[in-house]
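Down below is the structure, laid out as structure tokens.
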Amino acid sequence: MKRTIFIIFFTILTLALFSVSTLRTDTSIYMTGTISVAGNEPFTYLIIRNANISYSIVGDMRGTIWNNYQGRTIKVKGAVLKETDLMLHQLDVTEIIEVIE
């Protein structure tokens, strides 16, 4: 009996935690930084960097930013896809808000 109650309680708790994590409707961030290419050929990647943090740019806008905004400071909107201590954070840029310089 106690085991059944524990399993039911644990199941309800797990479902509640998963449903709370899906309540966030907008996970977008805004970032202003300088665009540059990092790494060595053939393993180069595009980054946006400011004084506090750097993100590796991924997604559909990557090519446009690579070709048109290297060395420029821009403000972008995007979603953080991966945050790890060992690698750069990945930012999927969805919109270029402003070109600053």
(Q) Could you work out, with side chain to side chain donor-acceptor pair (under 3.5 Å) as the rule, every residue matching Ser56, not counting sequence neighbours? (A)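 With neighbours one apart ignored, the set is empty.
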Q) Roughly how far, to the nearest 0.5 Å, is the CZ atom of Arg62 from the CG atom of Asn67? A)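 Asn67 CG to Arg62 CZ: 9.5 Å, rounded to 0.5 Å.
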[X] to [Y] - nearest heavy-atom pair and separation:
X	Y	answer
Met31	Ile53	CE-O, 3.5 Å
Tyr45	Trp66	C-CZ3, 4.1 Å
Val80	Leu91	N-CD1, 4.1 Å
Tyr69	Val99	CE2-CG2, 3.5 Å

Q: Answer yes or no: is there a donor N or O on one side and an acceptor on the other, between the side chain of Thr11 and the main chain of Ile7, under 3.5 Å?
A: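 Confirmed, Thr11 side chain pairs with Ile7 backbone.
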Q: Take Arg72 and Thr34 through the test side-chain contact (heavy atoms from CB on, under 4.5 Å) and record every step on the way to the result.
A: CA-CA 6 Å; Arg72 299 176 80 179; Thr34 303; over 6 Å; no
[X] side chain near [Y] side chain, heavy-atom distance below 4.5 Å:
X	Y	result
Val76	Ile48	yes
Gln90	Val58	yes
Ile100	Thr32	yes
Tyr55	Leu88	no
Gln70	Val37	yes
Ile96	Ile65	yes

Q: Starting from the C-alpha separation in whole Å, work towards a yes-or-no answer on side-chain contact (heavy atoms from CB on, under 4.5 Å) for Ile35 and Ile57.
A: CA-CA 9 Å; Ile35 303 298; Ile57 296 176; 3.8 Å; yes
